[in-house]
Amino acid sequence: MVKMTLIARVTDGLPLAEGLDDGRDLPDSDMYKQQVKSLFKNLSRGHNEASRMSVETGPYIFHYIIEGRVCYLTMCDRSYPKKLAFQYLEDLKNEFERVNGPNIETAARPYAFIKFDTFIQKTKKLYQDTRTQRNIAKLNDELYEVHQIMTRNVQEVLGVGEKLDQVSEMSSRLTSESRVYADKAKDLNRQALIRKWAPVAIVLGVVFLLFWVKNKLW
Amino acid sequence: MNTENQGYPNFPARPPPSSSSPFASAPPPGVPTQSGGPESVGFRPPTRPFTPSGPPMAPPVGVMRPFQPPLVSQIPGQGIRPPPPPPSSNSFPSTAYGPPGGGSFQRFPTPPPSGPPTTQTLAGHFSPPMQPMGPPSQSMTSGVPGGYASPPVTGFQQSMPSVNPSYPGVGGPQPSFPPSSYPPQTGGFAQPPGQQNLHPSYAPPTSNVQGLAEDFNSLSLTNIPGSLEPGLDPASFPRPLDGDVEPNTFAEMYPMNCHSRYLRLTTSAIPSSQSLASRWHLPLGAVVCPLAEAPEGEEVTLIDFGSSGIIRCRRCRTYVNPYVTFTDSGRKWRCNICSMLNDVPGEYFSHLDATGRRMDLDQRPELTKGSVEIIAPTEYMVRPPMPPIYFFLIDVSFSAAKSGMLEVAAQTIKSCLDNLPGYPRTQIGFITYDSTLHFYNMKSSLSQPQMMVVSDLDDIFVPLPDDLLVNLSESRNVVEAFLDSLPLMFQNNVNVESAFGPSLKAAYMVMNQLGGKLLIFQNSLPSLGAGRLKLRGDDPRVYGTEKEYTLRVAEDNFYKQMAADCTKFQIGINVYAFSDKYTDIASLGTLAKYTGGQVYYYPGFQSSIHGDKLRHELARDLTRETAWESVMRIRCGKGIRFSSYHGNFMLRSTDLIALPAVDCDKAYAMQLTLEETLLTTPTVYFQVALLYTASCGERRIRVHTAVAPVVTDLGEMYRQADTGSILSVYTRLAIEKTLSGKLDDARNAIQQKIVKALREYRNLHSVQHRLGSRLIYPESLKFLPLYGLAICKSTPLQGGPADASLDERCAAGFTMMALPVKNLLKLLYPNLFRVDEWLLKPSADLDDLKDVLRRVPLAAQSLDSRGLYIYDDGFLLVLWFGRMLSPDIAKNLLGTDFAAELSRVTLQEQENGMSKKLMRLIKKVRENDPSYHPMCFLVRQGEQPREGFLFLRHLTEDQMGGSTSYVDWILQIHRQVQQNA
């Protein structure tokens, strides 16, 4: 079952269209939408991702394809055939490019192509039931190969950026701390030197003083 | 703006009328062509007018006051105040001021003191006196008259000429007879003011006549000694025959303010302290109509901020507007509402020119216009913009089919399908009900809709997950097929039950995914399932008791609960009620009230009579531009706060108004309170922001910004009062009061409020002027008493149980709670004009409508039995045929059956010029105000009881049953004002 569908521009994460009654009967739809948004943000940051990918989240799974700087994403049940999901996205892509192709780059406001939602709605209905003749035929159709599409976990995907940040932060902390360490070591060295030779110097000084006094007095 | 204002600490105290004039003559300051003075950006409007006007007003302070005593003796007429002359002794040709003659309410005479006749009741407040009336307030507020005492005279005199031309606009409506005086004023007044306005500076004392003229209007209400006739002449009472006159001083002073059709303050001068506010006994607030229809060419500009995002204040979230100031060579901007210094984003940066204005001002409408519309970015959306959704809940019980409602509604909806906004996303759906619920599957692949009947009313379920609400463009054929068959399907229905509550729940379940507009067509009292209502009806015994108000509030909590749920899911409800019997509009209307909707009531609907009205109003409801899933907030400067809101909406938090569907025909009133004891800023800013989804799927923010000066003088507040706006607030307060108390109490409250305000005003002036037994009132509020009377006589508040049925009362109440100011004033004091002479004139066409059709006072006296009159209050159009009207006219207009009982005659176009002309006129009257479709009735004089019911009871000024006439009302008010005055 297709739960929600979003179309966004990859370059800046601007949402272009969205299925009409997305989030219907979905208790955590807000949470999932949030995840989708961060996913888009990640994509727009240019983390190089495959153009087709499935991302697991809770009981659902996101499928997306990126084509012509537009990301088509849908959320389905895990049990929903991957093949159908990608077929669905392909259908959307073809129609979206046909209708709005030239305007995609110039769209300035969010949901500039919200009118596309009627088509999303229509297409969605076609794919709703996996057992219809049409969908079974598609499933059996071997033309479209989906096996090599990677499946990852959403935490992993969203975490990639996070981890990189962490690493760089750690390394920078390491540099600064090693510098501090070097400074401290130098300091300690000096102190050790002083501690080592100070008594000798004092004794010698006293001795010389005594000599000097002796010579003077005598 | 702090910085800019320091130069003139007291600017708000200056009388705007005079000061605004130099400004008016200059090009609008925000426009870049203007060089701009030494002052810096942003705060242009106040600074500009001030500079030139400082001199003119200062002299009066210093010069005029001392001169006054001698003057009093100099002009006998003014000083001595002989007993009032008989009304007829007016020294002016009364014809000049309108039909009924000037009477004792006279216009200000020209400067040379004319004889006693004119003196004592000087209507002093029009243009000439404006100047002198400055002094009192000025001296009170500024306190530094000397500071301005020595400006170059030349500069002042230059500025004066410009004063005069602008007066007509400024002081427009002052004379007692607006219809005639308004247009001629430009010329008629020009010369006297010409001399007068110059004088205050250094002119010889002789011209100081007007120093005595009072800055208020008055009505003489004493009897003439030795005469039996009462000395008051009803004809001289002020009447709003010009319709709503907006105070435009405000607009001229601050040209960057939004237009008054969007925001109207009750007074354009905000009091500086709580004590002052408490002395201003009128409401302090505003009436907002965020989507008011703009005439062609004045549409609100649409702005896209693009990548820089919307510029808003970090602290108070104010949107950038013409009154913000840019500092730090353009890198920072100061919020005008909370004076927080904000950074200008890089994309929005622009250099400032030498005067501190942004160089790109002409490309930035948001910095020059008071009303703009901003395209909202994603942060302003909780979900993608919803499509326009229309869902119909139609009662198909016996009476619906019989009255023809079903047929008219189905036809109208069908004819509007092409014009529904938001193609191709628009969605539509239907549920019909009698004792069972009928759902319709309108899947686009079907050829005929499938009907599903649900008879279990206790446990409502929706039989289909989809396809009850369908995309109109895809299922167009099915929808049309359904609408065609709807009247036929139920034409023989004999079911009289109405399962309204359950069907409402079902509609809610279908709609709550997306929201939208729900139109309910209800024909009888809900009788089955949840929300069933009792026939608590028009029980006259309850009237006058403490429990009276319970009839006017919803009986069952179910309705309020449903309304709250619907608002939450962005469902706006409009209720159309058609029953001839009691339907409990009070309960049904609750649905509309809390979802920002409207109630349309057609008592005893019959398609032959009410068909046109329903057709027009339903079509308007369906096709007017609607703002979906919107919220509105109004922000104002520090120290003041909006404390209460009145209208049809739901408050989501303390100041956020939730409006599932809003359009141009809805206005909202709100009241202000002062939080700090003393406002230190010279001006206060208001900003209305409406975030909504347009039908085309764009999320937008409509922002209206306005500024008003802060004053320390009560007189100035009265001078700047806006009657229309005050009345709008009053009406809403009174209607709200009827929901918690007796009608009598609500009416008395109105009267008390007016009395208090006038008494305060009297106290203000009783020291300087001998008021005697005159009723005085500020020019700006001259219609207040009359409109107050009209409120008391309006349908929701009038009389007792016999005067209006409970349903009518409640329906009118719900309607008036949402009416914009102009429509409300028209409803309160409707138009009445005579047309027979105009019809007989061969050449007259519709262009000179204004001149020909002069409004006459709403009193039986002004009716001539030889005439044909049209009464028009926006909801009702009555053609009144005088008894002695020439039969030719009647024959021409009505055809052969002109002598018949008029209740059976409908007005149809006849094959002659006169009839065509009349029909054109009626059409024009209807087009002037398309929000409602006034029904046309024909009434012949003396044709009782029709005449009384349709026409006579609307004559506001007459005494009827238990209600007071205008004269008595004025006397009552006057008496009360004088008590402990």
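Every chain is numbered from 1 and lettered A, B, ... according to where its sequence line falls, protein lines coming before strand lines.
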Taking every non-hydrogen atom, the tightest pair across B:Thr378 and A:Pro15: CG2-CG, 3.5 Å
Heavy-atom side-chain contact between B:Pro424 and A:Thr118 under 4.5 Å: no
Pairs involving residues 110-121 of chain A, ordered by first then second residue, that meet salt bridge (Lys or Arg N to Asp or Glu O under 4.0 Å) (sequence neighbours left out): A:Asp117-B:Arg425
More than 12 heavy atoms from other groups under 6.0 Å of CZ on A:Arg78: yes
Whether over 12 other heavy atoms sit under 6.0 Å from A:Lys93 NZ: yes
Contact class of B:Tyr423 relative to chain A, heavy atoms under 4.5 angstrom: backbone
Between CD on residue A:Gln121 and CD on residue B:Gln427, distance to nearest 0.5 Å: 7.5 Å
Residue part contacting chain A, namely of B:Met381, when any heavy atom lies under 4.5 Å: side chain
Chain B contact via A:Lys122 - side chain, backbone, both or neither, heavy atoms under 4.5 Å: side chain
Under 3.5 Å, side-chain donor or acceptor atoms of residues 97-112 of chain A against the rest of the protein: list the pairs with distances, not counting sequence neighbours.
unit_1, atom_1, unit_2, atom_2, d
A:Arg98, NE, A:Glu95, OE1, 3.3
A:Arg98, NH2, A:Glu95, OE1, 3.4
A:Arg98, NH2, A:Glu95, OE2, 2.9
A:Thr106, OG1, A:Asn103, O, 3.0
A:Arg109, NE, B:Glu698, OE2, 3.1
A:Tyr111, OH, A:Glu18, OE1, 2.8

Spacing of OG belonging to B:Ser445 relative to NZ belonging to A:Lys125, to within rounding of 0.5 Å: 9.0 Å
